[in-house]
Student: 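One structure, pasted below without further comment.
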Amino acid sequence: MLTMAGVNRRKFLQTTAASAAGLTLGTASFRAARAATDLTVGVIYVGARDDFGWNQAHAVAVQALKGVPGVKVVEEENVPETDAVAKTMESMINLDGAALILPTSFGYYSPFMIEEAKSHPDVQFRHAAPLWTDKDPKNAGSYFAFLDQAHYIDGVAAGAASVSGKLGFVAAKPIGIVLRNINSFLLGARTVNPKATCQVIFTGEWSLPVREAEATNALVDAGCDLITCHVDGPKVVIQTAESRGVKTCGHNASQAPLAPKGFVTGAEYKWITIYKGFAELLGKGQPLPNITFGGYDKDMVQNTPYGAGATDKARMAADAAIKDLKAGKPIWTTAVKDNKGQVVLPNAPYDNYAPDLNSMTYLIEGVIGSAS
Amino acid sequence: MSHDPLIIVLIAMIGGAIRVSTPFMFVALGECLTEKSGRINLGLEGTLVLGAMLAYATAYQTGSPWLGILAGGAAGVFLGSLHGYLCKLPKVNDIAVGIAMMSFGIGLAFFFGKPYIQPQAPRLPAIPLGGWTGVPQLAEALQINPLFLVGIAAAIVMAWAFANTKWGLIIRTTGDSAAAARAMGVSVDWVRYLATTIGGFLAGVGGSFLSLSYPGSWNEGLSSGQGLMAVALVIFARWSPIRCVMAALLFGAAGALGPSLQSVGITQGYYLFNAAPYILTLLILIASSGSQQAFRAAPGELSITK
């Protein structure tokens, strides 16, 4: 009862503040005109902005967005995927006057962002995962980048930089997007070293530092001489691998400073391309697309500058592969088998954005590990 | 030899026991001391996290991981003495204060820890004890951190002191019967205050192991509940410091099972193997629950046994 009263009072205060702001500014159209010259963007993170991972990839891009004239950014980090995110959005809209909200975590979408989008039709919402469908509110939408293309480049460099050809992958959960990154990584490695294998250890959680360190140690003990990962914050994996004297490829953001000896390259998002595009469209008063996506060809993913672990051969092979991706050349050119011997993707070649690739439930031949 | 899957898993479990057990060991020893005096401090998860953060920050600022350990311990002294003081006040429940201290410690650590997520602090050096084996995996598993040895030594000293010294007797008496302790002329509150403070120190040092040795970095997801598990380990170890060490080793070894089984190709059911420490704990608890010894070992003044 007490909590309910508290929430109601908060809502009341926010609404009062918003209507007060509305009165001062005059009409709604005046508010829109103000937005055209002076845009406030609200960005919400599920974890710390400097986690060397997913959140940092967004935060780095938001940092660059702050340099765009007329754009003001409000940020909040460590917002759980609960009612808390709805309150954060309310406060960004009502108190900070945000005209564009970017909730960057998967679980923010439904019901929280959808509900907010319904009750604030004059505010734009874009969410960082491929979830929007045309049944959802028109002022909402999705944006995402295909990091598997950058993991493919990681693989090309890794295949050349690894001596043993045994690569290790610390992964969080066996879901489609993770499996696709693992498969693309090995596919890239095999373009350079057809005998390369990739051993996967799933930790079962997105962030579990001790088990990530244990998994890294287990992979090195099993003979892997290059480790990469798909977990929320790759810091522990990269540091542990570096201290064991093996090479590393990064994930999500730049981990190059963590591994001065063994870092090869890393798969990074380039959200700034999308964010700047949004800011420019809103600045011109034009509508935002509901769905924005891309990979290398649209400058939405990138690879970390090569580290000391990247051999000349690795750099040359990866540079050539990046050039191909930018030209839109497909990755999945022939039919492949999964690691149980079943033929998957029979209709190759596939376009890099083909829907068939979105729903991988298997690990390809050469990956040691189980997808279930 | 080193390619036999069974050997690989065994080596990984030995390595895991040595690498992962230290924070469990320190927190469990600290809690063991506090509970022996008749009080429960559930806040050691917060102490662990704050200790980890402060140790990392200090090691980064001063360049010395050893000063970092001291800072981690100091964080534990701060939270432990606060708990000890609050519980001295009339009608204060130690379990409730402990839960508050847990949130307080974690909150402080997250608040002040922000600027230290990015920088890299110097790590504690390890003592390579496995060079003679000629097996790289075994050599790696036997990279022993000095804190691990300190933890074992502390357990032995504690066990000896409980049994053989006047201080040990005072703590045990306070824990078993406050009235008897008062009759001896001992200030019960003061003994418990000290036991909680020193227990906090140990837990803070355990936290410094997390951030300075293994996994060896500071971020907000670092502990994942290890402080809470360690408090439970004390009951599991029936308030014996030596058994606390053994329980911590067992927990560490079982925790290495999930990843190492996957590394030798047993890839099915890793969620189950990852739960091995908890399943093992449950099994041992069930197996030992029939014995009257478990109840006899519990300090009589604990609010859970009273």
Side-chain angles (χ1 to χ4, degrees), chain A residues 47-53 55-56 77-78 168-171 173-174 199-224 231-240 242-245 253 257-260 339 363 367-372, chain B residues 2-3 5 8-9 11-13 15-16 19-20 23 52 110 113-120 123 126 135-138 140-141 143 210-211 213-226 252 255-275:
Chain A
R49 261 177 302 189
D50 36 16
D51 62 351
F52 276 105
N55 297 301
Q56 181 173 330
E77 53 186 347
N78 285 324
F169 205 118
V170 179
K173 298 184 181 198
Q199 184 155 17
V200 183
I201 292 186
F202 290 103
T203 63
E205 290 296 336
W206 290 109
S207 177
L208 213 52
V210 174
R211 199 175 295 150
E212 285 158 16
E214 278 298 295
T216 311
N217 274 314
L219 287 171
V220 178
D221 285 341
C224 299
V231 293
D232 263 2
K235 189 181 182 189
V236 164
V237 172
I238 304 291
Q239 276 185 324
T240 308
E242 175 82 357
S243 72
R244 291 293 304 266
L258 298 173
N339 63 2
L363 291 163
V367 179
I368 307 158
S370 165
S372 55
Chain B
S2 57
H3 294 293
I8 292 178
V9 172
I11 290 177
M13 287 180 73
R19 285 190 296 253
V20 181
F110 284 10
K114 272 278 167 261
Y116 296 101
I117 298 177
Q118 285 277 337
Q120 283 185 273
R123 287 181 171 197
V135 182
Q137 289 93 332
L138 201 55
E140 186 60 35
Q143 288 270 344
L210 276 182
S211 62
S213 179
Y214 195 78
S217 75
W218 160 248
N219 65 57
E220 289 165 11
L222 185 61
S223 144
S224 54
Q226 293 178 55
L257 198 60
S260 65
L261 280 178
Q262 285 190 63
S263 82
V264 297
I266 300 174
T267 52
Q268 294 291 337
Y270 46 84
Y271 277 102
L272 196 62
F273 294 123
N274 283 340

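Naming convention: chains lettered A, B, ... in sequence-line order (proteins, then strands); numbering from 1 in each chain. These figures come from a predicted structure and were not determined experimentally.
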Student: With side chains defined as the heavy atoms from C-beta onward, is the minimum distance between B/Arg123 and A/Ser243 less than 4.5 Å?
Tutor: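 Yes, their side chains come closer than 4.5 Å.
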
Student: With a 4.5 angstrom heavy-atom cut-off, could you sort out which part of B/Ile266 is near chain A: side chain, backbone, both or neither?
Tutor: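 Contact with chain A is absent: no heavy atom of B/Ile266 under 4.5 Å.
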
Student: Report which part of A/Gln199 has an atom under 4.5 Å of a heavy atom belonging to chain B: side chain, backbone, both, or neither.
Tutor: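 Only the side chain of A/Gln199 comes within 4.5 Å of chain B.
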
Student: Determine, step by step, whether B/Leu222 and A/Val210 satisfy the side chain to side chain contact (heavy atoms under 4.5 Å, CB included) criterion, reporting the C-alpha distance in whole Å, the side-chain angles of both residues, the deciding distance to 0.1 Å, and the verdict.
Tutor: CA-CA 8 Å; B/Leu222 185 61; A/Val210 174; 5.9 Å; no

Student: Report yes if the side chains of B/Glu220 and A/Asp51 come closer than 4.5 Å at any heavy-atom pair, otherwise no.
Tutor: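 No. Closest side-chain heavy atoms not under 4.5 Å.
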
Student: Show me, pair by pair, the donor-acceptor contacts under 3.5 angstrom made by side chains of residues 256-265 of chain B, not counting sequence neighbours?
Tutor:
| from | atom 1 | to | atom 2 | distance (Å) |
| --- | --- | --- | --- | --- |
| B/Ser260 | OG | B/Ala256 | O | 2.9 |
| B/Ser260 | OG | B/Leu257 | O | 3.3 |
| B/Gln262 | OE1 | A/Phe202 | N | 2.8 |
| B/Gln262 | NE2 | A/Phe202 | O | 2.8 |
| B/Ser263 | OG | B/Ser260 | O | 2.8 |

Student: Any side-chain heavy atom of A/Pro174 within less than 4.5 Å of one from B/Tyr270?
Tutor: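 Yes, their side chains come closer than 4.5 Å.
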
Student: Is it true that B/Tyr214 and A/Asn217 share a donor-acceptor pair across their side chains at a distance under 3.5 Å?
Tutor: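 Checked: A/Asn217/B/Tyr214 side chains pair up, N/O donor to acceptor below 3.5 Å.
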
Student: Can you tell me which of A/Gly168, A/Gly233, A/Ala48, A/Gly223 forms the most heavy-atom pairs within a distance under 4.5 Å of chain B?
Tutor: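 Counting heavy-atom pairs under 4.5 Å, the top option is A/Ala48.
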
Student: Under 4.5 Å, counting heavy-atom pairs only, tell me which of A/Glu77, A/Glu205, A/Glu212 racks up the most with chain B.
Tutor: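 The residue among A/Glu77, A/Glu205, A/Glu212 with the greatest pair count is A/Glu77.
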
Student: For B/Pro119, is it the side chain, the backbone, both, or neither that has a heavy atom closer than 4.5 Å to a heavy atom of chain A?
Tutor: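 The backbone, not the side chain.
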
Student: Taking only residues two or more places apart in sequence, or in another chain, which ones meet B/Ser217 in a side-chain hydrogen bond (donor to acceptor under 3.5 Å, both in side chains)?
Tutor: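 Applying side-chain hydrogen bond (donor to acceptor under 3.5 Å, both in side chains) to B/Ser217 gives none.
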
Student: List the steps and the verdict of side chain to side chain contact (heavy atoms under 4.5 Å, CB included) for B/Lys114 and A/Asn78.
Tutor: CA-CA 11 Å; B/Lys114 272 278 167 261; A/Asn78 285 324; 3.4 Å; yes

Student: Do the non-hydrogen side-chain atoms of A/Arg49 and B/Gln118 ever get within less than 4.5 Å of each other?
Tutor: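 With C-beta onward as the side chain, the pair stays apart.
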
Student: Where on B/Asn274 is there a heavy atom nearer than 4.5 Å to chain A: the side chain, the backbone, both, or neither?
Tutor: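 Backbone plus side chain of B/Asn274, per the 4.5 Å heavy-atom cut-off to chain A.
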
Student: Quick check on A/Ile201 against chain B: is it the side chain, the backbone, both or neither that has a heavy atom closer than 4.5 Å?
Tutor: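 Answer is both: backbone and side chain atoms of A/Ile201 are under 4.5 Å from chain B.
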
